[in-house]
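Working notes, structure below.
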2 protein chains.
Amino acid sequence: MIITKAGRRMFPAMRVKTAGLNPHQQYYIAMDIVPVDNKRYRYVYHSSKWMVAGNADSPVPPRVYIHPDSPASGETWMRQVISFDKLKLTNNELDDQGHIILHSMHKYQPRVHVIRKECGEELSPVKAVPTGDGVKAFSFPETVFTTVTAYQNQQITRLKIDRNPFAKGFRDSGRNRMGLEALVESYAFWRPSLRTLTFEDIPGITKQECLLYSNSFPERGCRIAIRI
Amino acid sequence: MIITKAGRRMFPAMRVKTAGLNPHQQYYIAMDIVPVDNKRYRYVYHSSKWMVAGNADSPVPPRVYIHPDSPASGETWMRQVISFDKLKLTNNELDDQGHIILHSMHKYQPRVHVIRKECGEELSPVKAVPTGDGVKAFSFPETVFTTVTAYQNQQITRLKIDRNPFAKGFRDSGRNRMGLEALVESYAFWRPSLRTLTFEDIPGITKQECLLYSNSFPERGCRIAIRI
DNA sequence: TACTTTTCACCTAGGTGCGAAGAT
DNA sequence: ATCTTCGCACCTAGGTGAAAAGTA
């Protein structure tokens with residue numbers, strides 16, 4: 001996932017649905033992003049793999065993205081797909097825009113928090129999410145990603161260009177790029193109902209980065225079912 | 001004010017500040033727009049005046065614009081300038097986008113409502129704002145305006161073009177338009193602190209439409225001070 | 001005649017990866 | 001050598017009034 005000084009959206013964005021909430025209870029929904037391990041990585045081009053390259057950099061200031069619809073009733077949350085597309089990532093440890101601060105070349109796991117309103121402790125964009133009764137955290141292993149300041153992997157670059165509407169300008173529509181096979185393959189991405197495509201099918205893409213794309217397929221959207 | 005089928009923003013937008021709210025109480029803030037009188041108007045070009053042209057058309061479905069930050073604490077509301085720039089006006093009586101429905105060629109008065117949360121009656125975008133304890137309405141005579149589907153008055157057109165960033169394409173920067181005097185005058189608009197300009201200074205502009213511009217001058221912003 | 005609707009060029013605002021330049 | 005930063009062209013998304021066409 002690209003991170004910049006100014007802040008960069010994740011693409012694709014996390015999208016979740018909730019079930020089992022109390023319809024009349026008010027909740028906050030928030031996201032934070034935690035390290036997967038204590039390592040720093042580098043991308044080894046000839047083997048197309050991320051390799052451990054030492055220990056993690058020192059921790060960054062904690063940040064929480066509070067979903068802008070918060071607070072809302074369980075009924076409201078359950079009625080909609082909850083999208084985190086406005087969330088931004090930065091590598092600027094002095095960021096004052098409320099973006100989530102991460103280290104480049106590290107592995108991270110996004111987490112979704114459902115927080116019952118007025119459950120005692122307070123929710124803040126610059127403090128760790130409280131734990132305890134009335135707070136539940138959810139994470140989806142397929143959404144683990146590696147942070148970079150520039151793409152290391154051509155397949156990832158191509159997926160981003162092909163699927164992010166804002167990158168349309170970089171799609172070189174068949175000019176020197178796609179054979180028929182590639183065309184069919186990319187079409188399968190857009191119409192996943194036509195065949196069940198698992199991301200391991202795509203050669204040369206790390207499982208972590210690749211699987212994150214599944215979030216943008218509505219029919220594979222992450223779901224969380226809880227009662228708190 | 002222009003109204004269209006698809007919905008058109010007001011320009012300038014209403015902006016208000018609140019004071020005297022209970023910091024820990026939750027409030028909705030909303031706007032509706034009510035007829036000033038029971039008349040329909042037409043613009044008489046040679047006298048540059050709006051003249052009564054019959055009785056008002058039959059009432060339109062009631063609509064309320066609930067400020068998107070609602071609900072929020074008194075503390076939150078008082079900390080910010082509350083802008084209604086996303087509000088849209090339409091002449092489509094069958095509108096299903098939640099826009100405020102008005103008749104063209106009529107005079108209207110926007111009203112700001114401050115509604116204590118959980119004060120019994122419920123707030124809805126398609127029902128009249130409830131009245132009673134815990135609800136207060138404010139209106140500012142200088143924000144009365146006349147609805148049109150196309151501008152009737154060249155001075156208004158020019159004010160809109162000169163001051164709305166989205167109309168920049170129609171500013172013909174001095175080509176066949178502004179003499180030095182006009183330039184100085186328009187500069188005075190942007191730097192009102194330099195001299196106290198009352199809108200009656202501008203010849204040929206109806207007071208109502210003209211004064212609405214005062215809302216976009218921060219130092220003349222409407223204020224409401226209440227305790228409910 | 002007296003509006004209203006539709007389409008359009010021209011903007012604002014801001015999200016992309018590229019590639020040259022910068023940093024260590 | 002290996003990242004990171006910055007300016008940029010190229011997009012999406014949507015807010016303007018002009019002008020031509022529509023309506024009654």
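Below, read A as the first sequence line, B as the second, and so on, with proteins coming before strands; counting in each chain starts at 1.
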In chain order, what residues pass the ring pair (Phe, Tyr, Trp, His ring centres under 6.0 Å) check against A:H103, with sequence neighbours excluded?
A:H106
Could you check if a side-chain atom of B:Y65 sits within less than 4.5 angstrom of a side-chain atom of B:K86, using non-hydrogen atoms only?
yes
Apply the test salt bridge (charged side-chain N to carboxylate O under 4.0 Å, His left out) to residues A:D95 and A:R63: give CA-CA distance (whole Å), side-chain angles for both, the deciding distance (0.1 Å), then the verdict.
CA-CA 10 Å; A:D95 171 84; A:R63 291 290 171 91; 2.8 Å; yes
Could you pull out the protein-nucleic contacts involving nucleotides 2-6 of chain D (nitrogen or oxygen on both sides, under 3.5 Å)?
from, atom 1, to, atom 2, distance (Å)
D:dT4, OP2, A:S104, OG, 2.9
D:dT4, OP2, A:T149, OG1, 2.6
D:dT4, O5', A:T149, OG1, 3.4
D:dT5, OP2, A:N91, ND2, 2.8

Assess, by modelled atom type and distance only, whether the side chains of A:T90 and A:N92 contain a donor and an acceptor separated by less than 3.5 Å.
no
Testing B:W50, B:Y45, B:Y43 for side chain to side chain donor-acceptor pair (under 3.5 Å) with B:N153, which one passes?
B:Y43
Would you mind classifying the nucleic acid contact of B:K86 as base, sugar-phosphate or nothing, using non-hydrogen atoms under 4.0 angstrom?
nothing
Once you round it to whole Å, what is the distance between C1' of D:dA18 and CD of B:Q154?
12 Å
Between A:K39 and A:N55, do the side chains contain a donor N or O and an acceptor N or O under 3.5 Å apart?
yes
Relative to the 5' end of DNA chain C, which residue comes earlier, A:G7 or B:G169, by the nucleotide with the nearest heavy atom?
B:G169
Interface limits on DNA chain C, where chain B has a heavy atom under 4.0 Å of a nucleotide atom
C:dC3 to C:dT12
Assign each of A:F166 and B:P165 the nucleotide of DNA chain C bearing its closest heavy atom; nearer the 5' end lies the nucleotide of B:P165
When you check the side-chain N and O atoms of A:Q109 and A:T143, is any donor under 3.5 Å from an acceptor?
yes
Ring-ring centroid check B:Y28 B:H67, cutoff 6.0 Å:
no
